[in-house]
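Below is one structure, written out as C-alpha cells, with a few remarks after it.
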Number of protein chains: 2
Amino acid sequence: MTPTITAFERSPDGGKGLARDTRVRWALEEVGQPYEVRLVSFPAMKEPAHLALHPFGQIPTYEEGNLALFETGAIVFHIAQRHAGLLPKEADARARAITWMFAALSTVEPPILDLSTAKTIEAGEPWARDRLPLVVDRIRVRLGQLSARLGEADWLEGAFSAGDLLMVSVLLRLRMSGILDEYPNLAAYVARGEARPAYRRAFAAQLAINAPAG
Amino acid sequence: MTPTITAFERSPDGGKGLARDTRVRWALEEVGQPYEVRLVSFPAMKEPAHLALHPFGQIPTYEEGNLALFETGAIVFHIAQRHAGLLPKEADARARAITWMFAALSTVEPPILDLSTAKTIEAGEPWARDRLPLVVDRIRVRLGQLSARLGEADWLEGAFSAGDLLMVSVLLRLRMSGILDEYPNLAAYVARGEARPAYRRAFAAQLAINAPAG
C-alpha cells in the first residue's frame, strides 16, 4: 500500500530542504518505497481535520491503510522497521543506531532550533544581539562532542543508518550559519549524506513544490 | 544479565526525581528487571572513560554485557523492546506508542527545558525577566495541544506505554512552575503516572541517593 505523507503547501525555507518532510522523503527513497504527498496550508494545519492526524498541528504525517503517524522520528523509525536498509539487523548494532536517532532529535537538534528561534521569532527583541553568542556556544558544545565521537569515520555507527539520516538532517540546519564549517569532519559527514542518491531525490522532490516558479 | 545504569553522584535537583536516570529506573521497574547503578561525579562525566560511554558527557547510560547505550529515549526503547509491558504487541498500536516517545522528547520537552535554562543559566542575564513570558507561552501552546488530544483518557494511546512514561516524566519538570495546574487533565495524567508502583520504586531509589542525610 502506498503511504501518503503531508508537507507544507509552501515551505518557510523556500525549498532549502529543511522542512521535516524532507527527512521522511529521504527515508522512503533510501528503502525504495514510493509515496504520495498531500500539501497542507498553514491555516489548514491548525484545523480539526489535520489536528486529528497531528495533535501539534505540524507536518509531516504518515498514513498507510489504517495507520496514521506523526512526529518525524517516529515516522522514520516506522519506515526503518518495515523495510531493510536503514537499521542493522543484528540486535546490539540496531540498538546503537536507534540511539543516534534519539540523540539527533533530543540532544543535538534542540540547541540548533533555539538558534532559529533567536534569529527569527526573537530577532526583533531588545536582547536578540546580546543573547545570540550564548545560543551559538551551546551548539558548539554539542558539535564539539559529536565531532570527537565521529572522528574519521564515514558514519556514526558502522554503515549508514536512520541515525545518520536524522543527524545529517539536523546538522543541515546549520549550513547557512557557517558554524558547521568550524568542524571539518562534520561538514564532510553532512556532505556525504547530501551526496546519497536517495537524499538527492528527496531534495529534488521538495524543491519541485517549493521553488519559485521560474 | 543484570544491566548497569549511571546516575548523578549528586543530582542537581536534590532528589526531586527530575534527573533522567529516574526515567530509566521507572522503565526497568515496570518490566521487573533488576539493575545496578554506578554513580558518576560531574568532573568524571567529562572524562574519557565516561565520554566513551556517552559522547555528550551526560547520564544515564546503560550497559548490558557487550552492549552500551546512551540517550534516555533509546535506553527506554531498548528496555521496552526486550521485555513485555511497555509497548503494545500489535504492530500499528506499537508504532503509535513509539510516536509518543518521540513526541515527548522532541516536541514537548524542548520548550520545557528552555524554561529551565531561562530560570537557571540565564537567570542573571539582563533579559531574563522580559523574555520569560515568551518561553512560558511556548510551553502553553504545546500543553494546550496535548491536553486537547488526551481529553478524558487515562493514557495517550490505550494502555500505559513507554510513550506515557516519557511524557509524564517530561511534564513532571513543570510541577514547581504551576503551569501544569492550568491543564487539569494533564495534572491528573501526571498524578496517575506518579501513582504507579513502578514509578514510586524508581523515585524512592533515586531519592535514597540524593536526599540530604537526615
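Chain identifiers are assigned alphabetically (A, B, ...) following the order of the sequence lines, protein sequences preceding nucleic acid strands; residue numbering begins at 1 within each chain. A quick note: this is a predicted structure, and the numbers were derived from the prediction, not measured.
- Residue B:V141 does not touch chain A at all, counting heavy-atom pairs closer than 4.5 Å.
- The aromatic ring centres of B:F102 and A:F70 sit 6.0 Å or more apart.
- Heavy atoms of B:A103 lying under 4.5 Å from chain A belong to its backbone as well as its side chain.
- When B:P126, B:A68, B:G73 are compared by the number of non-hydrogen pairs under 4.5 Å with chain A, B:G73 comes out ahead.
- With a 4.5 angstrom heavy-atom cutoff, B:L113 does not touch chain A via any of its atoms.
- Ranked by heavy-atom pairs under 4.5 Å with chain B, the first of A:L67, A:L134, A:L146, A:I121 is A:L67.
- For a residue to count as touching a neighbouring chain, one of its non-hydrogen atoms must lie under 4.5 Å from one of that chain's; by this rule B:I75 does not touch chain A.
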Inter-chain polar pairs, chain B versus chain A: which donor-acceptor atoms lie under 3.5 Å apart?
residue	atom	partner	partner atom	Å
B:L51	O	A:R149	NH2	3.1
B:A52	O	A:R149	NH2	2.9
B:F56	O	A:Q145	NE2	3.2
B:E71	OE1	A:T107	OG1	3.0
B:E71	OE2	A:T107	OG1	2.9
B:T107	OG1	A:E71	OE1	3.0
B:T107	OG1	A:E71	OE2	2.9
B:E122	OE1	A:R131	NE	2.9
B:E122	OE2	A:R131	NE	3.4
B:E122	OE2	A:R131	NH2	3.3
B:E122	OE2	A:R138	NH1	3.1
B:E122	OE2	A:R138	NH2	2.5
B:R131	NE	A:E122	OE1	2.9
B:R131	NE	A:E122	OE2	3.4
B:R131	NH2	A:E122	OE2	3.3
B:R138	NH1	A:E122	OE2	3.1
B:R138	NH2	A:E122	OE2	2.6
B:Q145	NE2	A:F56	O	3.2
B:R149	NH2	A:L51	O	3.1
B:R149	NH2	A:A52	O	2.9

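- By the side chain to side chain contact (heavy atoms under 4.5 Å, CB included) test, A:P12 is found to be paired with A:F8, A:F42, residues two or more places apart in sequence or in another chain being considered.
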